[in-house]
Protein chains: 2
Amino acid sequence: MEDQLTKVFSALADPTRRDMVARLSFADATVNELAEPYEVSVQAVSKHLKVLEDSGLVTRTRDAQRRPVHLEDNVFDLMTKWIERYRQRAEERYQRLDAVLETMEPTSTSARESDTASETQHAPTPGSRKGA
Amino acid sequence: MEDQLTKVFSALADPTRRDMVARLSFADATVNELAEPYEVSVQAVSKHLKVLEDSGLVTRTRDAQRRPVHLEDNVFDLMTKWIERYRQRAEERYQRLDAVLETMEPTSTSARESDTASETQHAPTPGSRKGA
DNA sequence: AACCTATTCAACAAAACGGTTGAATACGTG
DNA sequence: CACGTATTCAACCGTTTTGTTGAATAGGTT
């Protein structure tokens, strides 16, 4: 898993991790502090933190044997930009009312221009392949 | 996995799925159309679609033996709301400059009010438990 | 030095994920 | 009706994820 967008989205795809982010939005915290309210081991929380860190959502500084975790707000923009881009496009399309029609009979208006759509990598090169 | 937020985030945590959403923002498409550019089987794409559908990001109508997929823009708001909420809070905190200090010595200003943080469910009740 | 605390590393297991192939099912058409 | 196309279901498989426990590392404290 390379790209940051994937990392950020998967990082937030976990309720515990989202809750940690929520709490970190108020104040930095140590691993132990963060682990306290959850019913999982500190090690598990440490792993969650690693995921968040790898995604760029949090950073860790050092304070003696403690490693305070800090929420990095800038990464959020990455997501909102992605979301807004397509949400807007979908909305526009809806407003123009083509929506329902263009599925069945491309009316020249749009239909086939999905070229620009691909987010950098078009063929996500998955594992093997059907005829492989 | 119950809550929609989790479903939506995990749905978008996959590059292929994000690309499908991107393409669907231009026009509705059938499973086969969607599968075409990728190097995976149609069945795989069908599965991806199911994930997107379960998350509420897309809906499927019926047109003879075809099942056109339509992007449901409204779900995006769910995410942006969540994101904005905490990004804003983190930003505010940064601007007040408490940020660095409050980790080491709670200066009465804030530090412990993470109560409101928890997103509905505080204890995400994971699998078993350490001492179980 | 001996010890306690904070955090991570390592090995392991169960479950989820993403893909595959083969067989259904649903529907239009010669 | 036989057939072709579109799509899904089912069983299976390798990899990743999430959690556990036990041991290691880092840094204060007495």
Side-chain angles (χ1 to χ4, degrees), chain A residues 1-3 6-20 28-36 38-55 58-70 103-104 123-132, chain B residues 1-3 6-7 9-20 28-55 58-70 103-104 123-132:
Chain A
M1 186 229 289
E2 297 190 348
D3 70 304
T6 297
K7 285 185 191 162
V8 180
F9 277 127
S10 4
L12 294 181
D14 182 288
T16 305
R17 247 142 32 202
R18 276 203 307 281
D19 192 65
M20 291 198 255
D28 293 4
T30 67
V31 179
N32 262 292
E33 280 166 10
L34 282 169
E36 199 253 304
Y38 311 122
E39 296 222 309
V40 296
S41 65
V42 184
Q43 289 97 315
V45 174
S46 183
K47 280 192 187 177
H48 279 305
L49 244 1
K50 198 174 177 203
V51 175
L52 288 173
E53 191 176 27
D54 285 353
S55 80
V58 307
T59 51
R60 266 122 139 191
T61 47
R62 178 170 270 282
D63 165 31
Q65 74 267 64
R66 237 157 280 107
R67 283 173 193 62
V69 184
H70 176 73
T103 308
M104 4 203 87
T125 357
S128 49
R129 197 257 185 273
K130 34 188 169 185
Chain B
M1 188 229 290
E2 296 188 346
D3 69 305
T6 297
K7 285 185 191 161
F9 276 125
S10 4
L12 294 180
D14 183 288
T16 305
R17 243 135 43 195
R18 276 202 307 282
D19 191 66
M20 289 198 256
D28 294 4
T30 68
V31 179
N32 262 290
E33 279 165 11
L34 283 169
E36 199 251 305
Y38 311 122
E39 296 222 308
V40 297
S41 65
V42 185
Q43 289 97 316
V45 174
S46 183
K47 279 192 188 179
H48 280 306
L49 243 2
K50 197 173 178 205
V51 175
L52 288 173
E53 192 176 27
D54 285 351
S55 79
V58 307
T59 51
R60 266 125 139 188
T61 46
R62 178 169 271 282
D63 166 31
Q65 74 268 64
R66 238 157 279 107
R67 284 173 193 61
V69 184
H70 176 72
T103 307
M104 3 202 88
T125 355
S128 50
R129 196 261 186 270
K130 35 187 167 184

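Because only heavy atoms are used, hydrogens play no part in the values below, and waters and symmetry mates are left out as well, while side chains stay in. By convention in this document, chain letters (A, B, ...) are assigned in the order of the sequence lines, proteins followed by strands, and residues within each chain are numbered from 1.
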Whole-Å distance between [N] [atom2] and [X] [atom1]?
{"X": "A:Asp54", "N": "D:dT16", "atom1": "CG", "atom2": "C1'", "value": "14 Å"}
{"X": "B:Met20", "N": "C:dG18", "atom1": "CE", "atom2": "C1'", "value": "11 Å"}
{"X": "B:Arg18", "N": "C:dG18", "atom1": "CZ", "atom2": "P", "value": "12 Å"}
{"X": "A:Lys7", "N": "D:dT16", "atom1": "NZ", "atom2": "C1'", "value": "15 Å"}

Can you name the side chain to side chain contact (heavy atoms under 4.5 Å, CB included) partners of [X], sequence neighbours left out?
{"X": "A:Ser55", "value": "A:Lys7, A:Val8, A:Ala11, A:Leu57"}
{"X": "B:Asn32", "value": "B:Thr30, B:Val42"}
{"X": "A:Arg60", "value": "A:Ser46, A:Leu49, A:Glu53, A:Arg67, A:Val69"}

Looking only at side-chain N and O atoms, does [X] come under 4.0 Å of OP1 or OP2 in [N]?
{"X": "A:Thr30", "N": "C:dA6", "result": "no"}
{"X": "A:Ser41", "N": "D:dG19", "result": "no"}
{"X": "B:Asn32", "N": "D:dT7", "result": "yes"}
{"X": "A:His48", "N": "D:dT17", "result": "no"}

Once you round to the nearest 0.5 Å, how far does [atom1] of [X] lie from [atom2] of [Y]?
{"X": "B:Asp14", "Y": "B:Leu52", "atom1": "CG", "atom2": "CG", "answer": "8.5 Å"}
{"X": "B:Asp28", "Y": "B:Arg66", "atom1": "CG", "atom2": "CZ", "answer": "13.5 Å"}
{"X": "A:Phe9", "Y": "B:Arg17", "atom1": "CZ", "atom2": "CZ", "answer": "12.0 Å"}

Hey, what are the protein-to-nucleotides 8-10 of chain C N/O distances that come in under 3.5 Å?
unit_1	atom_1	unit_2	atom_2	d
C:dT8	OP1	A:Arg60	NH2	2.9
C:dT8	OP2	A:Ser46	OG	2.6

Query raised in the report: Looking at side-chain heavy atoms only, is the closest gap between A:Lys47 and A:Val40 below 4.5 Å?
Result: no
**Report entry** Side-chain heavy atoms of B:Thr61 within contact of B:His70, under 4.5 Å
**Finding:** no
**Report entry** Residue list, side-chain hydrogen bond (donor to acceptor under 3.5 Å, both in side chains) with A:Thr59, at least two apart or on another chain
**Finding:** A:Glu72
Protein N or O to nucleotides 27-30 of chain D N or O, pairs below 3.5 Å:
none

